[in-house]
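Each remark here refers to the structure printed beneath this line.
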Amino acid sequence: MELNDALDMMTALAHEGRMRLFRRLVQAGEGGMPAGDLARAEAINFTTASAQLSQLAQAGLAQRTREGRSIIYTADYTRIRSLIAFMMEDCCAGRREILQPLISLAQACCQPQERTRP
């Protein structure tokens with residue numbers, strides 16, 4: 001990843017509304033969410049949400065596809081992973097303990113949730 005690409009992504013995330021929409025998209029998974037549903041979920045008016053989502057897409061953090069009258073936004077997980085990898089390159093001078101909390105968090109987030117029976 002180029003430095004300017006990383007800066008564009010980080011600039012797009014440096015806004016409360018865009019960050020909230022981005023986090024909602026990441027949580028939505030690969031199926032994404034329609035723009036209107038995202039706006040309602042975050043209590044943002046549709047016009048503002050549309051502009052914010054457009055900036056996330058322009059920065060490469062989200063993708064949009066049209067399905068009928070709806071625009072579906074999805075998080076671009078490949079680009080997100082690239083940004084995280086870029087930020088972690090040459091990190092920590094080989095001291096694993098600095099990254100261990102991040103590694104533990106990633107492992108905990110990616111574990112399948114156990115279902116409890118009533």
Determine whether Met10 and Leu83 make a side-chain contact, defined as any pair of heavy atoms from C-beta on separated by less than 4.5 Å. yes
Thr74 and Gly32: which non-hydrogen atoms are nearest, and at how many Å? CG2-CA, 3.4 Å
Using 0.5 Å steps for rounding, measure from the CD1 atom of Ile71 to the CG atom of Leu38. 11.5 Å
Interatomic distance, His15 atom NE2 to Leu56 atom CG [nearest 0.5 angstrom]: 10.0 Å
Tightest non-hydrogen contact, residues Ala59 and Met9, listed as O-CG, 3.3 Å
Is there a side-chain contact between Gln63 and Arg79, using heavy atoms and a 4.5 Å cut-off? no
When every non-hydrogen atom of Ala12 is compared with those of Arg18, the smallest separation belongs to O-NE, 2.6 Å
Hey, does Val26 have a side-chain heavy atom less than 4.5 Å from the side chain of Ile80? yes
Rounded to the nearest 0.5 Å, how far apart are OH of Tyr73 and CG of Leu53? 5.0 Å
By the definition side chain to side chain contact (heavy atoms under 4.5 Å, CB included), identify the one residue from Glu16, Arg23, Arg24 that meets it with Arg20. Glu16
Residue pair Arg64 / Ser54, side-chain heavy-atom distance below 4.5 Å: yes
If I compare all heavy atoms of Ile44 with all of Gly17, which pair ends up nearest, and what's the gap? CD1-O, 4.3 Å
Less than 4.5 Å apart, side chain to side chain, heavy atoms only: is that true for Tyr77 and Glu30? yes
How many angstroms lie between atom CE of Met19 and atom CG of Leu13, to the nearest 0.5 angstrom? 4.5 Å
How long is the span from the CG atom in Asp76 to the CZ atom in Phe22, to the nearest 0.5 Å? 9.5 Å
Return yes if a side-chain donor-acceptor contact under 3.5 Å exists between Asn45 and Thr48, otherwise no. yes
Would Ile72 and Phe46 show up in the same hydrophobic cluster when neighbours are defined by side-chain heavy atoms closer than 4.5 Å? no
Please report the interatomic distance CG(Asp8) to CD(Gln55), rounded to the nearest 0.5 Å. 11.0 Å
